Amino acid sequence: MDDKTLECLHNFDDALQTSFVFKMLSSPALTYSVQSVTFPGISVGEIPVHHKNYKGYVPDNVVQYDDLNISFIIDEQFKNYTYLYNRMLTNKFATQAEIEEVFDEIHVFRLDSNKKPISDVVFSMAFCTNLSSFEYNSNVSDDDGIVCTATFKYQTFTVQDV
C-alpha cells in the first residue's frame with residue numbers, strides 16, 4: 001500500500017448520532033426540536049431464474065424504501081404539530097396541482113464533529129402519513145417536553161455533499 005492509501009485508512013471520524021439538523025422545505029419558519037430520525041432502510045427484491053435443475057436469482061428493478069420516522073418535541077404553541085396535522089387533513093384533492101401541493105421536500109443535514117454540514121439527505125415527494133399519540137401526565141418527576149413521532153412516505157432519497 002502506498003502512503004496515500006494508508007493515510008485514508010487512518011483519517012476518519014465516527015458518525016455521531018447527535019450530529020444532524022432537520023428541515024422541511026414547505027415550512028422554513030417552523031422549528032422542529034428533533035429528538036431522533038430513523039434513517040430508512042432500502043431493499044431490492046429478487047426474481048427467481050430457473051436454468052436446468054438450478055434456481056438462481058437476479059435483482060428486481062423495484063427499489064423499496066422504509067418509512068421515514070421523525071420524533072420531535074412539540075412546541076408550546078403546538079405550531080409544528082398543528083402544521084403537520086392540518087396538512088394531513090387537507091390531503092383531499094381533485095386536480096394534479098392539488099396533489100402536488102401535498103408533497104414536501106425533507107432535508108436531514110449530517111454534521112461533522114465541528115457541527116458543520118457535510119451532506120444533505122433529501123427525501124423527495126414526502127408526505128406525512130401518521131402522527132403518533134402523546135400524553136399529558138401530571139405524575140412525572142421531570143417536566144420533559146411532549147414528544148410526537150411523524151411518519152413520512154416519500155418517492156426517493158438522495159445524499160448530496162454540501
Side-chain angles (χ1 to χ4, degrees), residues 12-47 59-162:
F12 72 93
D13 292 320
D14 294 336
L16 303 175
Q17 290 185 359
T18 58
S19 295
F20 67 94
V21 174
F22 169 81
K23 201 68 176 160
M24 289 179 65
L25 195 62
S26 68
S27 60
L30 287 181
T31 300
Y32 290 85
S33 296
V34 175
Q35 297 291 295
S36 67
V37 174
T38 303
F39 203 86
I42 179 174
S43 63
V44 175
E46 70 278 343
I47 301 170
D60 194 354
N61 62 355
V62 177
V63 176
Q64 296 178 4
Y65 298 101
D66 292 343
D67 294 341
L68 173 64
N69 295 302
I70 298 168
S71 295
F72 61 96
I73 297 176
I74 299 173
D75 64 273
E76 191 173 32
Q77 286 79 34
F78 270 63
K79 288 181 181 179
N80 54 12
Y81 177 87
T82 304
Y83 176 80
L84 292 173
Y85 174 82
N86 287 335
R87 281 190 62 97
M88 290 176 70
L89 291 182
T90 58
N91 284 351
K92 304 172 208 115
F93 39 80
T95 67
Q96 183 67 27
E98 290 172 331
I99 291 172
E100 289 174 7
E101 288 180 23
V102 169
F103 296 119
D104 204 340
E105 189 172 276
I106 295 173
H107 295 260
V108 177
F109 294 95
R110 294 184 322 113
L111 308 176
D112 65 13
S113 56
N114 296 318
K115 301 295 184 199
K116 293 183 180 171
I118 54 175
S119 68
D120 180 9
V121 183
V122 182
F123 295 88
S124 301
M125 297 182 70
F127 57 98
C128 189
T129 60
N130 185 48
L131 282 174
S132 70
S133 60
F134 56 86
E135 180 180 87
Y136 282 107
N137 188 343
S138 61
N139 288 330
V140 294
S141 58
D142 290 331
D143 200 10
D144 293 332
I146 299 172
V147 177
C148 179
T149 299
T151 301
F152 293 89
K153 293 282 188 190
Y154 54 93
Q155 286 301 111
T156 186
F157 72 84
T158 57
V159 180
Q160 304 167 351
D161 290 336
V162 177

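All residue numbers refer to positions in the sequence shown, counting from 1. Source: prediction; values computed, not measured.
Lys153 NZ to Leu68 CG: the interatomic distance, rounded to the nearest 0.5 Å, is 11.0 Å. Interatomic distance, CD1 of Ile146 versus CZ of Phe72, reported as 11.0 Å (0.5 Å rounding). Distance CZ/Phe123 to CD/Glu105: 11.0 Å, rounded to 0.5 Å. The CD1 atom of Ile70 lies 9.5 Å from the OG1 atom of Thr149; values are rounded to the nearest 0.5 Å. Distance check: Asn80 CG to Ser27 OG gives 9.0 Å after rounding to the nearest 0.5 Å. To the nearest 0.5 Å, atom CG of residue Asn130 and atom CE of residue Met88 are 6.0 Å apart.
What you find for Thr82 and Phe78 is that their closest heavy atoms are OG1-O, 2.6 Å. Heavy-atom minimum distance, Leu131 versus Cys148: CD2-SG, 4.0 Å. Here the closest heavy-atom approach between residue Asp112 and residue Ile118 is recorded as CB-CG2, 3.6 Å. Ala126 and Ile106 get closest at one heavy-atom pair: CB-CD1, 3.7 Å. Of all heavy-atom pairs between Glu135 and Asn137, the closest is OE1-ND2, 3.3 Å.
With a 4.5 Å cut-off on side-chain heavy atoms, Ser124 and Tyr154 do not count as touching. Residues Phe103 and Gln155 have side chains not in contact (no heavy-atom distance under 4.5 Å, counting atoms from C-beta outward).
Side-chain contact, Ser26 with Asp104: a donor N or O sits under 3.5 Å from an acceptor N or O.
The one candidate from Asn69, Leu84, Thr129 that meets the side chain to side chain contact (heavy atoms under 4.5 Å, CB included) condition with Phe152 is Leu84. When the options Tyr65, Phe157, Phe22 are evaluated for a ring pair (Phe, Tyr, Trp, His ring centres under 6.0 Å) with Phe39, the one that passes is Phe157. Just one residue in the list Thr158, Leu25, Val108 forms a side chain to side chain contact (heavy atoms under 4.5 Å, CB included) with Val122, and that residue is Thr158.
Judged by distance alone, the side chain of Ser71 and the main-chain N or O of Ser36 form no donor-acceptor pair under 3.5 Å. Here the side chain of Asn114 pairs no donor or acceptor atom with the backbone of Lys116 at under 3.5 angstrom.
By the neighbour-count criterion of 12 heavy atoms within 6.0 Å, atom CD of Glu76 is sparsely surrounded, having that number or fewer from other residues, nucleotides or ligands.
Ring orientation note: the planes of Tyr85 and Tyr81 are close to parallel, at an angle under 30° on the 30°/60° scale. In this structure, His107 and Phe109 have parallel ring planes: the angle between them is below the 30° cut-off, well short of the 60° mark.
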